[in-house]
Amino acid sequence: MKALCWYGKNDVRVETVPEPKILNPRDAIIKTTLTAICGSDLHLLHGCIPSMKQGDILGHEFMGEVLEVGTEAANLKKGDRVVVPFTIACGRCWFCQQGLTSLCDNSNPNALAAEKLYGYSASGLFGYSHIFGGYAGGQAQYVRVPFADTACQKIPDSVSDEQALFLSDIFPTGYMAAENCNIHPGDTIAIWGCGPVGQFAIKSAFMLGAERVIAIDDIPERLELAKTQGKAETLNFGNGDVVDKLKELTGGRGPDGCIDAVGMEAHGTSVDSLYDYAKQAVRLETDRPHVLRQAIQACRKGGTLSVPGVYGGMIDKFPIGAAFSKGLTFRMGQTNVHRYLKPLLDRIEKQEIDPSFVITDRYGLDCAAEAYKTFDKHEHGCIKVVLRP
Amino acid sequence: MEMVQRRHHNVPNIHQAERIGSIIAGSSLAIYGIRQALKYHSIPGAGLALAGAALIKRGASGYCDLYRALGVKTADHTTGPNTTIPYQQGIRVDRSITINATREQVYAFWRDLENLPRFMEHVHCVKQKDAKQSHWIIEGPAGQKLEWDAEIINEIPNELLAWRSLPGALVDNAGSVRFEHATAGRGTKVTVSLQYDAPAGQVGVMLAKLFGKDPEREVDAEMHRLKNIIEAGEIPTSKGQSTGRTDEHSRQVQKSATKQTEKVHDASEASFPASDAPSYSHINGR
């Protein structure tokens, strides 16, 4: 089959690889009908995530048709149309039972390696390095889905592939980011990063009762989408001091909730962000926390900082004093996708939201490597790429 | 556990000659001290007498607290009829994990010893001979086989299992596993204590290979797999899946893994060679 494989920094290629097989009783094999490139795949492309191996198949946003099921995944049958969460979860451990499926105890075969790095292991992830299980990803014609009985969400015919696909990650991720802000009616939420997760966070913040959403980015097309689709106020960080502007926009009070939908590869031109570039270049720092610093500074007293953007290692010059003095709350982590599948699918079915609004580019899987480049460079206004095998 | 604790304090760690020396020196010191104390009502004299008494006790029991604290052991390695593993020889590991299941469930799974090879990677099979005794076959990294008989020496249903190898074992070992309620009904805390005597020669080398450099990590890996099986019904794996790896090594790994009949001993971090066994004993490659 064809699959997009990682071979090193800025080196991804579509290769012919062996087709997946059922390896465990709760597995299923899915014939991919639609898959996407996620912003967090760019962290892999840039070589920012440790423990990748040459030949790893990428992709954690995918959906398809069930082709084959293991002996213990009897609730699925051949031909079912399903979408699959990017976090792999057993559904039976204490964490899964609490709804914290991204913290599943049983889905990472390399849990001991992750424990060394993080103290404890979170769940396995599709196509996201060996620390998270080394699972082959979904940018392929076929995918093996572990714990498929728990993972696969069946999709009704009334919902199209393009509408359903983002239940795998970015819609729940944006939604959980907003939920993590503990929004009260009338709140103002500031969102750094108007990529696809930021776009869903904007919509979700309004769904959860926010009165104002201020979206921050410097890419015109993304800001435009945030304005037209998300009904957000927008702020271009290239045009002056973000913290100052946010203070201004909120009558000197600051946003009630701040969302860092950027993560470890923040761009910026301030002194601290140049410092991060330099340190990262010589590997003294793995992540560039420019947005995190700004959000801490901007957030109102007693406010909440929600972090859906991916961080992988160490950061430097973390303004803990500001966070402490203002009594901020931090919420973060990979998305507990499983628990949002049904409620968010309901919203799509009721036509409260059509997630396909973020799609700007459609490619065949054969062109996946070029698609990565286009997405990475934001060429011709590229915001979200979907790939059809 | 108690069994293990008790063994800690009873096992001699001083060589026979040193024990005799201790008694002689202790006796002389005590006699001298008592004389001094009686003659001059001197406090230093009483101190010398007490020090002498301590030396006599050390010699008589063959056990020295200081040696234990320092990790020193001068006693010969011998096991009497009532001891299992002499203290501070070989490997000792204590690890625990919390499993989201009742004590009854976890105990029942473990008590069916034939389940153990499912999470102990190098244990080829366990045959239950009767209620207490079992026969074990272990497979080493290079395909060598070890066999032994083991015996359950303490059993409190749903709480404790303790075992040891039967006399004649080349690798003496003992261990226990405790099952306790986790707090707030969050399943069962399982604590395993293992102790192995590592003999010299080939058997010792093989034991060292089975455990690798970090015995605790090996036991951790086994405990994780136990948890995986009981909670999730299977051990997660990414071995044998599709990859675009082009180098010959990976290709081989993939081939043999997809066959699924052979175990892949990949040197990658993804593989955690396991070990352990509630009892080693008679060996000799077959």
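Ring geometry for B/Trp110 against B/Trp163 counts as parallel: the plane angle stays under 30°, on a 0 to 90° scale with 60° as the upper cut.
Heavy atoms of A/Tyr7 lying under 4.5 Å from chain B belong exclusively to its side chain. For A/Pro146, no part lies near chain B; criterion is any non-hydrogen pair under 4.5 Å. With a threshold of 4.5 angstrom between heavy atoms, A/Ala136 approaches chain B through its backbone and through its side chain. Using a 4.5 Å cut-off between heavy atoms, B/Ile235 touches chain A through its backbone atoms (N, CA, C, O) alone. Both the backbone and the side chain of A/Arg26 come within contact range of chain B, with heavy atoms under 4.5 Å apart. Both the backbone and the side chain of A/Asp105 come within contact range of chain B, each with at least one heavy atom under 4.5 Å from a heavy atom of that chain. Neither the backbone nor the side chain of A/Glu72 comes within contact range of chain B; no heavy atoms are under 4.5 Å apart.
Using a cut-off of 4.0 Å between Lys/Arg side-chain N and Asp/Glu carboxylate O, A/Lys21 and A/Asp27 are scored as not salt-bridged.
A/Asp169 places no side-chain N or O within donor-acceptor distance of the main-chain N or O of A/Glu61, the cut-off being under 3.5 Å. One N or O on the side chain of A/Tyr128 and one on the backbone of A/Ser40 form a donor-acceptor pair closer than 3.5 Å.
Contact tally against chain B (heavy-atom pairs below 4.5 Å) for A/Thr16, A/Leu4, A/Ile57: the top residue is A/Ile57. Looking only at heavy-atom pairs under 4.5 Å with chain A, the residue among B/Glu231, B/Arg186, B/Glu234, B/His224 that has the most is B/Glu234.
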| request: Tell me, with the steps shown, if B/Lys145 and B/Ile138 meet side-chain contact (heavy atoms from CB on, under 4.5 Å). | output: CA-CA 5 Å; B/Lys145 276 188 179 166; B/Ile138 280 219; over 6 Å; no
| said: Under the criterion ring pair (Phe, Tyr, Trp, His ring centres under 6.0 Å), I'd like the reasoning laid out for B/Phe179 against B/Tyr107: C-alpha separation, chi angles, the key distance, then a yes or no. | reply: CA-CA 7 Å; B/Phe179 307 87; B/Tyr107 179 86; 5.4 Å; yes
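At a cut-off of 3.5 Å, with distance as the only test, a side-chain donor of A/His338 or A/Thr101 sits close to an acceptor on the other residue.
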